[in-house]
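As structure tokens, the structure follows; a few thoughts come after it.
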Amino acid sequence: MRIAIISDIHANIEALEAVLKKIEEIKVDRILCLGDIIGYGPNPNECISLVKEIVDESIVGNHEYGVLGRTDLRYFSLNARLACEWTRDVLTEENLEYISELPVNLIIDDMLLVHSTPHLPLEWNYILNIRDAVYQFMILEQKICFIGHSHEPVTFIKNERGCEVASSRRFIIGEGCKYIINCGSVGQPRDYDPRAAFGFIDIDKGEVQIIRVPYDIKKVQEKIIRSGLPRFLADRLSMGA
Ligand code: ZN
């Protein structure tokens with residue numbers, strides 16, 4: 001089975017459409033979404049509609065929780081809070097209902113999908129380094145865990161030597177190893193590469209890839225500025241930061 005993993009779309013419809021076009025080219029059996037469909041960007045309703053139509057299953061992210069009032073917005077940065085409040089005002093009732101029903105995690109075969117961390121996922125902690133990963137590997141029951149949240153593509157591997165970061169964004173799953181894989185963000189990359197990012201796994205071949213796709217950044221930036229969202233949210237897209 002070939003699966004595309006998309007995460008952190010953040011209401012960026014141009015990035016989402018570009019990624020879905022690429023996914024169509026590489027041909028997959030399923031598309032899974034790891035949450036944060038909304039927040040930061042100018043097209044939350046359009047992104048939710050497209051996810052509902054195209055994606056097989058999605059889980060919830062902290063931005064959905066923020067918009068729904070389930071996570072206190074005081075824990076968000078100022079720009080994230082302003083974007084959550086803006087998003088809450090523009091979302092349709094139908095789309096609010098859709099995000100309110102998204103599950104916190106999914107287990108498919110020997111894979112866990114969760115927006116933040118295997119342990120206490122609703123605390124919205126990050127896995128940013130080996131130290132964070134070592135702790136989460138102690139909790140992780142599955143062989144592979146896909147996460148989003150930090151918007152930084154990275155793979156942590158637990159093997160007989162301990163825990164390390166994968167040196168390549170294309171690799172083969174090894175026997176006796178466990179993996180925590182962040183495929184990066186569709187709509188707001190933060191690894192200084194402004195192209196949209198998504199993940200791909202071929203379960204039968206054991207192959208994983210993190211794939212980048214260019215999209216029309218300028219168009220999104222203009223919409224962000226016109227919509228009254230913080231200007232910083234437009235500027236950061238061209239830096240990929
Ligand atoms: Zn996010």
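Nothing here was measured: the structure is a model prediction, and the numbers come from that model. Atom set for the values below is all heavy atoms of this structure, side chains included, hydrogens, waters and symmetry mates excluded. Ligands are counted one by one from 1 in listed order, and the atoms in each one are counted from 1 as well.
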For residues 207-220, dump all side-chain donor-acceptor pairs below 3.5 Å to protein atoms at least two apart in sequence or in another chain.
unit_1: E207; atom_1: OE2; unit_2: R170; atom_2: NE; d: 3.3
unit_1: E207; atom_1: OE2; unit_2: R170; atom_2: NH2; d: 3.1
unit_1: E207; atom_1: OE2; unit_2: Q209; atom_2: NE2; d: 3.2
unit_1: R212; atom_1: NE; unit_2: R195; atom_2: O; d: 3.3
unit_1: R212; atom_1: NH1; unit_2: D191; atom_2: OD2; d: 2.8
unit_1: R212; atom_1: NH2; unit_2: D191; atom_2: OD1; d: 3.1
unit_1: R212; atom_1: NH2; unit_2: D193; atom_2: O; d: 2.8
unit_1: R212; atom_1: NH2; unit_2: R195; atom_2: O; d: 2.9
unit_1: Y215; atom_1: OH; unit_2: N12; atom_2: ND2; d: 3.1
unit_1: D216; atom_1: OD1; unit_2: K219; atom_2: N; d: 3.2

### Query
According to the interplanar angle, ranging from 0 to 90°, do the rings of W124 and H115 count as parallel (below 30°), tilted (30 to 60°) or perpendicular (above 60°)?
perpendicular
### Task
Measure up the H63 and F76 rings against each other and bin them: parallel (under 30°), tilted (30 to 60°), perpendicular (over 60°).
perpendicular
### Query
Does I225 have any side chain to side chain contact (heavy atoms under 4.5 Å, CB included) partners at least two apart in sequence or in another chain, and if so, which?
R231, A234
### Contacts of A133 that satisfy side chain to side chain contact (heavy atoms under 4.5 Å, CB included) - sequence neighbours left out
I127, F137, F156, C163
### Check: T92 main-chain N/O paired with N45 side-chain donor or acceptor under 3.5 Å
yes
### Message
Could you enumerate the protein N, O or S atoms under 2.8 Å from the Zn ion (ligand 1), written like residue then atom name?
### Response
D8 OD1, H10 NE2, D36 OD2, H151 NE2
